[in-house]
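The shown structure was predicted, so the numbers you read here are calculated from the model rather than taken from an experiment.
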Amino acid sequence: MARPKTAWVFSGGGSLGAVQVGMLQALAEAGVQADFLIGASVGALNAAFYAQAPTVEGVARLAGLWRRLRRKDVFPLTLLAGLKALLLRRDHLVEPDALRVIIAAALDVRRIEETRVPLHVVATDAMTGAEVLLSSGAIDVALLASTAIPVVFPPVVVAGRRLIDGGVGSNTPIIGALALGAQRILVLPTGTSCALQEPPRDMAARALQVMSLLSMRQLDRDVQHCTALAEIVIVPPLCPLAVSAFDFSQTVALIERAAAQTRDWLASGGLRRSGPLHVPLAHQDRLHAVH
(Lines give C-alpha, C1' and ligand atoms only; values in the text may rest on other atoms or scores of the structure.)
Protein backbone atom coordinates (compact mmCIF):
# COMPACT_ATOMS: atom_id res chain seq x y z
CA MET A 1 0.00 0.00 0.00
CA ALA A 2 1.15 3.54 -0.77
CA ARG A 3 2.18 5.70 2.17
CA PRO A 4 -0.55 8.22 3.04
CA LYS A 5 0.12 11.81 2.00
CA THR A 6 1.53 13.38 5.15
CA ALA A 7 1.41 17.05 6.15
CA TRP A 8 3.25 18.68 9.01
CA VAL A 9 1.20 21.51 10.51
CA PHE A 10 3.05 24.26 12.39
CA SER A 11 1.14 26.40 14.92
CA GLY A 12 1.84 30.04 15.69
CA GLY A 13 2.98 31.17 19.11
CA GLY A 14 5.57 33.97 19.12
CA SER A 15 8.74 33.14 21.02
CA LEU A 16 7.31 29.69 21.82
CA GLY A 17 8.20 28.80 18.24
CA ALA A 18 11.47 27.65 19.81
CA VAL A 19 9.56 24.58 21.01
CA GLN A 20 9.03 23.55 17.38
CA VAL A 21 12.78 23.73 16.76
CA GLY A 22 13.36 21.11 19.46
CA MET A 23 10.61 18.96 17.97
CA LEU A 24 12.22 19.26 14.54
CA GLN A 25 15.58 18.19 15.92
CA ALA A 26 14.10 14.94 17.21
CA LEU A 27 12.01 14.30 14.08
CA ALA A 28 14.97 14.92 11.75
CA GLU A 29 17.21 12.63 13.81
CA ALA A 30 14.57 9.88 13.59
CA GLY A 31 14.25 10.29 9.81
CA VAL A 32 10.55 11.19 9.92
CA GLN A 33 9.49 12.78 6.62
CA ALA A 34 6.71 15.02 5.36
CA ASP A 35 5.11 15.36 1.92
CA PHE A 36 4.36 19.03 2.54
CA LEU A 37 4.49 21.64 5.29
CA ILE A 38 1.92 24.25 6.26
CA GLY A 39 2.27 26.87 8.97
CA ALA A 40 0.86 30.07 10.43
CA SER A 41 2.67 33.00 12.03
CA VAL A 42 5.95 31.90 13.65
CA GLY A 43 5.03 28.37 12.57
CA ALA A 44 5.22 29.57 8.97
CA LEU A 45 8.73 30.86 9.61
CA ASN A 46 9.88 27.55 11.09
CA ALA A 47 8.17 25.60 8.31
CA ALA A 48 9.88 27.74 5.66
CA PHE A 49 13.33 27.39 7.21
CA TYR A 50 12.87 23.63 7.53
CA ALA A 51 11.37 23.28 4.04
CA GLN A 52 14.54 24.60 2.42
CA ALA A 53 16.83 22.29 4.42
CA PRO A 54 14.88 19.30 5.87
CA THR A 55 17.92 17.69 7.49
CA VAL A 56 19.60 17.41 10.86
CA GLU A 57 22.14 19.98 9.69
CA GLY A 58 19.38 22.29 8.50
CA VAL A 59 17.64 22.14 11.87
CA ALA A 60 20.95 22.85 13.60
CA ARG A 61 21.25 26.07 11.58
CA LEU A 62 17.66 26.95 12.47
CA ALA A 63 18.43 26.36 16.16
CA GLY A 64 21.46 28.61 15.85
CA LEU A 65 19.28 31.36 14.43
CA TRP A 66 16.78 31.03 17.28
CA ARG A 67 19.52 31.11 19.92
CA ARG A 68 20.67 34.50 18.62
CA LEU A 69 17.20 36.07 18.62
CA ARG A 70 16.31 38.75 21.13
CA ARG A 71 12.98 40.45 21.65
CA LYS A 72 14.22 43.67 20.05
CA ASP A 73 15.20 41.72 16.92
CA VAL A 74 11.56 40.74 16.33
CA PHE A 75 9.47 43.26 18.28
CA PRO A 76 11.38 46.59 18.41
CA LEU A 77 8.67 48.27 20.47
CA THR A 78 9.58 51.51 22.22
CA LEU A 79 7.75 54.46 23.72
CA LEU A 80 8.92 56.57 20.79
CA ALA A 81 7.48 54.06 18.32
CA GLY A 82 4.14 54.16 20.13
CA LEU A 83 4.05 57.96 20.19
CA LYS A 84 4.96 58.11 16.51
CA ALA A 85 2.18 55.67 15.60
CA LEU A 86 -0.29 57.74 17.62
CA LEU A 87 0.75 61.09 16.13
CA LEU A 88 0.76 59.80 12.57
CA ARG A 89 -2.52 57.92 13.18
CA ARG A 90 -1.09 54.70 11.82
CA ASP A 91 -2.79 51.32 12.12
CA HIS A 92 0.37 49.68 13.50
CA LEU A 93 3.10 50.37 16.03
CA VAL A 94 6.27 49.39 14.17
CA GLU A 95 7.54 48.38 10.75
CA PRO A 96 8.74 44.76 10.37
CA ASP A 97 12.20 45.83 9.16
CA ALA A 98 14.09 43.72 11.70
CA LEU A 99 12.04 40.63 10.86
CA ARG A 100 12.56 41.27 7.14
CA VAL A 101 16.34 41.25 7.68
CA ILE A 102 16.16 37.97 9.62
CA ILE A 103 14.11 36.31 6.88
CA ALA A 104 16.44 37.50 4.11
CA ALA A 105 19.54 36.31 5.97
CA ALA A 106 18.11 32.90 6.91
CA LEU A 107 16.52 31.83 3.62
CA ASP A 108 18.44 30.63 0.57
CA VAL A 109 15.32 30.55 -1.62
CA ARG A 110 13.35 33.53 -2.84
CA ARG A 111 10.09 31.88 -3.87
CA ILE A 112 7.82 29.50 -1.98
CA GLU A 113 7.83 26.94 -4.78
CA GLU A 114 11.64 26.62 -4.62
CA THR A 115 11.77 24.84 -1.24
CA ARG A 116 12.88 21.19 -1.11
CA VAL A 117 9.69 20.17 0.70
CA PRO A 118 6.50 21.79 -0.65
CA LEU A 119 5.51 24.71 1.56
CA HIS A 120 2.21 26.50 2.20
CA VAL A 121 2.02 29.69 4.25
CA VAL A 122 -1.18 30.71 6.02
CA ALA A 123 -2.27 34.33 6.41
CA THR A 124 -5.62 35.93 7.22
CA ASP A 125 -7.69 38.30 5.09
CA ALA A 126 -7.96 41.43 7.25
CA MET A 127 -11.35 42.33 5.79
CA THR A 128 -13.14 38.97 6.00
CA GLY A 129 -11.15 36.94 8.52
CA ALA A 130 -10.81 34.14 5.97
CA GLU A 131 -7.79 31.84 5.98
CA VAL A 132 -5.57 32.53 2.95
CA LEU A 133 -3.16 29.90 1.63
CA LEU A 134 -0.01 31.20 -0.05
CA SER A 135 1.61 28.38 -2.02
CA SER A 136 3.67 30.31 -4.56
CA GLY A 137 5.26 33.72 -4.96
CA ALA A 138 7.81 35.71 -2.99
CA ILE A 139 8.55 33.82 0.21
CA ASP A 140 9.54 36.91 2.23
CA VAL A 141 6.26 38.66 1.40
CA ALA A 142 4.26 35.58 2.39
CA LEU A 143 6.10 35.22 5.70
CA LEU A 144 5.73 38.90 6.55
CA ALA A 145 2.00 38.59 5.88
CA SER A 146 1.68 35.46 8.01
CA THR A 147 3.45 37.16 10.95
CA ALA A 148 1.73 40.57 10.69
CA ILE A 149 0.31 40.71 14.21
CA PRO A 150 -2.62 43.17 14.17
CA VAL A 151 -1.80 46.59 15.64
CA VAL A 152 1.88 45.65 16.05
CA PHE A 153 2.79 45.27 12.35
CA PRO A 154 1.10 46.65 9.21
CA PRO A 155 -1.00 44.42 6.94
CA VAL A 156 0.75 43.09 3.84
CA VAL A 157 -1.00 43.50 0.49
CA VAL A 158 -0.87 40.40 -1.72
CA ALA A 159 -2.89 40.24 -4.94
CA GLY A 160 -4.99 43.18 -3.78
CA ARG A 161 -5.87 41.61 -0.40
CA ARG A 162 -4.75 43.06 2.95
CA LEU A 163 -3.31 40.14 4.88
CA ILE A 164 -2.53 39.84 8.58
CA ASP A 165 -1.19 37.19 10.96
CA GLY A 166 -2.22 33.66 9.98
CA GLY A 167 -2.92 32.86 13.61
CA VAL A 168 -6.00 35.08 13.53
CA GLY A 169 -7.80 32.94 10.95
CA SER A 170 -6.25 29.55 11.73
CA ASN A 171 -3.38 29.31 14.17
CA THR A 172 -3.05 25.56 13.58
CA PRO A 173 -4.13 25.15 9.93
CA ILE A 174 -5.40 21.58 9.99
CA ILE A 175 -8.32 22.46 7.70
CA GLY A 176 -5.86 23.92 5.20
CA ALA A 177 -3.83 20.73 5.27
CA LEU A 178 -6.94 18.66 4.56
CA ALA A 179 -7.86 20.96 1.67
CA LEU A 180 -4.41 20.30 0.21
CA GLY A 181 -5.04 16.55 0.24
CA ALA A 182 -3.40 15.45 3.48
CA GLN A 183 -4.37 11.94 4.60
CA ARG A 184 -2.14 12.00 7.65
CA ILE A 185 -1.32 15.11 9.71
CA LEU A 186 1.48 15.62 12.20
CA VAL A 187 0.86 18.74 14.30
CA LEU A 188 3.78 20.65 15.79
CA PRO A 189 2.14 22.96 18.36
CA THR A 190 3.98 25.66 20.24
CA GLY A 191 1.81 25.13 23.30
CA THR A 192 0.65 27.85 25.64
CA SER A 193 2.07 29.38 28.79
CA CYS A 194 0.49 27.36 31.58
CA ALA A 195 2.46 28.45 34.64
CA LEU A 196 2.72 32.25 34.44
CA GLN A 197 2.35 34.00 37.79
CA GLU A 198 0.97 37.22 36.29
CA PRO A 199 -0.42 38.31 32.91
CA PRO A 200 1.82 39.97 30.29
CA ARG A 201 2.00 43.72 30.77
CA ASP A 202 2.33 45.29 27.33
CA MET A 203 0.08 45.30 24.28
CA ALA A 204 1.99 42.96 21.99
CA ALA A 205 2.66 40.44 24.76
CA ARG A 206 -1.00 40.36 25.72
CA ALA A 207 -2.06 39.91 22.10
CA LEU A 208 0.31 36.98 21.66
CA GLN A 209 -0.79 35.40 24.94
CA VAL A 210 -4.47 35.61 23.99
CA MET A 211 -3.77 34.13 20.54
CA SER A 212 -1.77 31.34 22.15
CA LEU A 213 -4.56 30.47 24.58
CA LEU A 214 -7.18 30.48 21.84
CA SER A 215 -5.05 28.40 19.52
CA MET A 216 -4.69 25.44 21.88
CA ARG A 217 -8.45 25.29 22.44
CA GLN A 218 -9.00 25.63 18.70
CA LEU A 219 -6.49 22.84 18.08
CA ASP A 220 -8.32 20.40 20.32
CA ARG A 221 -11.69 21.23 18.72
CA ASP A 222 -10.33 20.95 15.17
CA VAL A 223 -8.75 17.56 15.87
CA GLN A 224 -12.00 16.22 17.28
CA HIS A 225 -13.93 17.44 14.23
CA CYS A 226 -11.42 16.21 11.65
CA THR A 227 -10.37 12.78 12.92
CA ALA A 228 -12.84 11.12 10.54
CA LEU A 229 -11.14 12.82 7.58
CA ALA A 230 -7.50 12.05 8.30
CA GLU A 231 -5.21 10.48 10.86
CA ILE A 232 -4.03 13.32 13.13
CA VAL A 233 -1.05 12.96 15.44
CA ILE A 234 0.05 15.74 17.79
CA VAL A 235 3.60 16.11 19.03
CA PRO A 236 3.09 16.89 22.76
CA PRO A 237 3.80 20.52 23.69
CA LEU A 238 5.69 21.45 26.83
CA CYS A 239 3.80 21.81 30.10
CA PRO A 240 4.34 23.33 32.59
CA LEU A 241 5.58 26.27 30.58
CA ALA A 242 6.29 29.45 32.52
CA VAL A 243 7.36 31.48 29.47
CA SER A 244 5.23 34.04 27.68
CA ALA A 245 4.96 34.09 23.89
CA PHE A 246 6.83 37.43 23.99
CA ASP A 247 9.85 36.26 26.02
CA PHE A 248 12.95 35.27 24.02
CA SER A 249 15.20 34.78 27.05
CA GLN A 250 14.35 31.06 27.47
CA THR A 251 14.98 29.93 23.89
CA VAL A 252 17.84 27.53 24.59
CA ALA A 253 15.95 25.80 27.40
CA LEU A 254 12.79 25.49 25.29
CA ILE A 255 14.67 23.90 22.39
CA GLU A 256 16.46 21.42 24.64
CA ARG A 257 13.34 20.48 26.62
CA ALA A 258 11.25 20.01 23.48
CA ALA A 259 13.95 17.93 21.77
CA ALA A 260 14.32 15.63 24.79
CA GLN A 261 10.56 15.26 25.27
CA THR A 262 9.98 14.54 21.57
CA ARG A 263 12.75 11.93 21.48
CA ASP A 264 11.10 10.16 24.41
CA TRP A 265 7.69 10.46 22.75
CA LEU A 266 9.01 8.94 19.50
CA ALA A 267 10.74 6.11 21.39
CA SER A 268 7.47 5.28 23.17
CA GLY A 269 5.58 4.95 19.86
CA GLY A 270 4.08 8.44 19.81
CA LEU A 271 3.71 8.48 16.02
CA ARG A 272 1.22 5.62 16.33
CA ARG A 273 -1.07 7.54 18.70
CA SER A 274 -3.64 9.77 17.06
CA GLY A 275 -6.58 11.83 18.21
CA PRO A 276 -7.22 14.92 20.34
CA LEU A 277 -4.64 16.15 22.78
CA HIS A 278 -7.37 17.16 25.25
CA VAL A 279 -5.72 20.36 26.40
CA PRO A 280 -6.79 21.03 30.00
CA LEU A 281 -8.71 24.24 30.62
CA ALA A 282 -6.49 25.17 33.55
CA HIS A 283 -8.43 28.28 34.51
CA GLN A 284 -11.97 26.93 34.26
CA ASP A 285 -12.70 27.79 37.88
CA ARG A 286 -16.24 28.64 38.96
CA LEU A 287 -16.66 32.33 39.76
CA HIS A 288 -19.21 33.34 42.37
CA ALA A 289 -20.90 36.71 42.01
CA VAL A 290 -20.18 39.23 44.73
CA HIS A 291 -23.30 40.92 46.03
Side-chain angles (χ1 to χ4, degrees), residues 3-13 17 20-21 24 27-28 33-55 58-59 61-62 65 95-97 99-150 153-188 222 226 229-230:
R3 183 173 66 87
K5 187 176 183 180
T6 301
W8 289 8
V9 175
F10 292 70
S11 300
Q20 292 173 338
V21 180
L24 286 172
L27 291 169
Q33 297 180 343
D35 293 303
F36 68 88
L37 312 176
I38 180 171
S41 199
V42 72
L45 292 174
N46 282 334
F49 298 153
Y50 184 75
Q52 71 168 359
T55 63
V59 178
R61 290 196 297 272
L62 175 58
L65 169 64
E95 297 296 328
D97 296 334
L99 185 56
R100 185 180 288 110
V101 170
I102 293 171
I103 292 171
L107 289 175
D108 299 324
V109 299
R110 294 293 172 256
R111 297 184 63 82
I112 296 173
E113 57 268 37
E114 293 173 353
T115 56
R116 288 174 58 182
V117 179
L119 171 69
H120 305 274
V121 175
V122 174
T124 303
D125 189 310
M127 302 304 293
T128 67
E131 176 183 338
V132 178
L133 275 177
L134 302 172
S135 304
S136 62
I139 195 167
D140 57 343
V141 173
L143 293 176
L144 288 172
S146 186
T147 54
I149 301 170
F153 295 128
V156 176
V157 179
V158 177
R161 302 175 76 175
R162 290 167 59 85
L163 303 182
I164 57 175
D165 196 295
V168 176
S170 182
N171 196 63
T172 307
I174 291 174
I175 303 299
L178 291 173
L180 292 165
Q183 299 165 302
R184 189 170 189 269
I185 294 173
L186 182 66
V187 178
L188 282 71
D222 285 352
C226 297
L229 302 175

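Within the model, atoms CE of M127 and CD1 of I164 stand 10.5 Å from one another, a figure rounded to the nearest 0.5 Å. The distance from atom CZ of F10 to atom OG of S146, rounded to the nearest 0.5 Å, is 12.5 Å. Between the CD1 atom of I185 and the CG atom of D222 there is a distance of 9.5 Å, given to the nearest 0.5 Å. In this structure, NE2 on H120 lies 10.0 Å from OG on S136, to the nearest 0.5 angstrom.
No side-chain heavy atom of V21 sits less than 4.5 Å from a side-chain heavy atom of L65. The shortest side-chain heavy-atom distance between I175 and S170 does not fall under the 4.5 Å cut-off. Proximity of F49 to L107: side-chain heavy atoms (C-beta onward) are separated by under 4.5 Å at one or more points. L119 has its side chain within reach of I139: a pair of non-hydrogen atoms, C-beta onward, lies under 4.5 Å apart. When side chains are defined from C-beta on, L188 does not count as touching N46, because their heavy atoms never get closer than 4.5 Å.
Aromatic ring pairs are classed by plane angle as parallel below 30°, tilted from 30° to 60° and perpendicular above 60°; the pair W8 and Y50 is parallel.
Across V101, L144, I102, a single residue satisfies side chain to side chain contact (heavy atoms under 4.5 Å, CB included) together with P96, and that is L144. Each of L163, L143, V122 was compared with L134 under the side chain to side chain contact (heavy atoms under 4.5 Å, CB included) criterion, and only L163 meets it.
The main-chain N or O of G43 is never found under 3.5 Å from a side-chain atom of S41 such that the two would form a donor-acceptor pair. S11 contributes no side-chain N or O that, together with a main-chain N or O of V9, makes up a donor-acceptor pair within less than 3.5 Å. Using modelled atom types, no side-chain atom of Q20 and backbone atom of A47 make a donor-acceptor pair closer than 3.5 Å.
Taking each heavy atom of G167 and A40 in turn, the nearest pair found is N-CB, 4.1 Å. Closest of all the heavy-atom pairs between T124 and G169 is OG1-N, 2.9 Å. In terms of heavy-atom proximity, A177 sits nearest to A7 at CB-CB, 4.1 Å. Listed here is the closest heavy atom pair of G137 and E113: N-OE1, 3.0 Å. Nearest heavy atoms, P154 versus A148: O-CB, 3.5 Å. Of all heavy-atom pairs between V59 and A28, the closest is CG2-CB, 4.1 Å.
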Steps toward side-chain contact (heavy atoms from CB on, under 4.5 Å) verdict (L133, L180): CA-CA 10 Å; L133 275 177; L180 292 165; 4.1 Å; yes
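Legend: residues meeting salt bridge (Lys or Arg N to Asp or Glu O under 4.0 Å) with D140, ordered by chain and number and at least two apart, are absent. The side-chain hydrogen bond (donor to acceptor under 3.5 Å, both in side chains) test applied to Q183 returns no partner, not counting sequence neighbours. Listed by chain and residue number, nothing satisfies the salt bridge (Lys or Arg N to Asp or Glu O under 4.0 Å) test with D108 (two or more places apart in sequence, or in another chain).
The pair D35-R184 does not count as a salt bridge, with every side-chain nitrogen at least 4.0 angstrom from each carboxylate oxygen.
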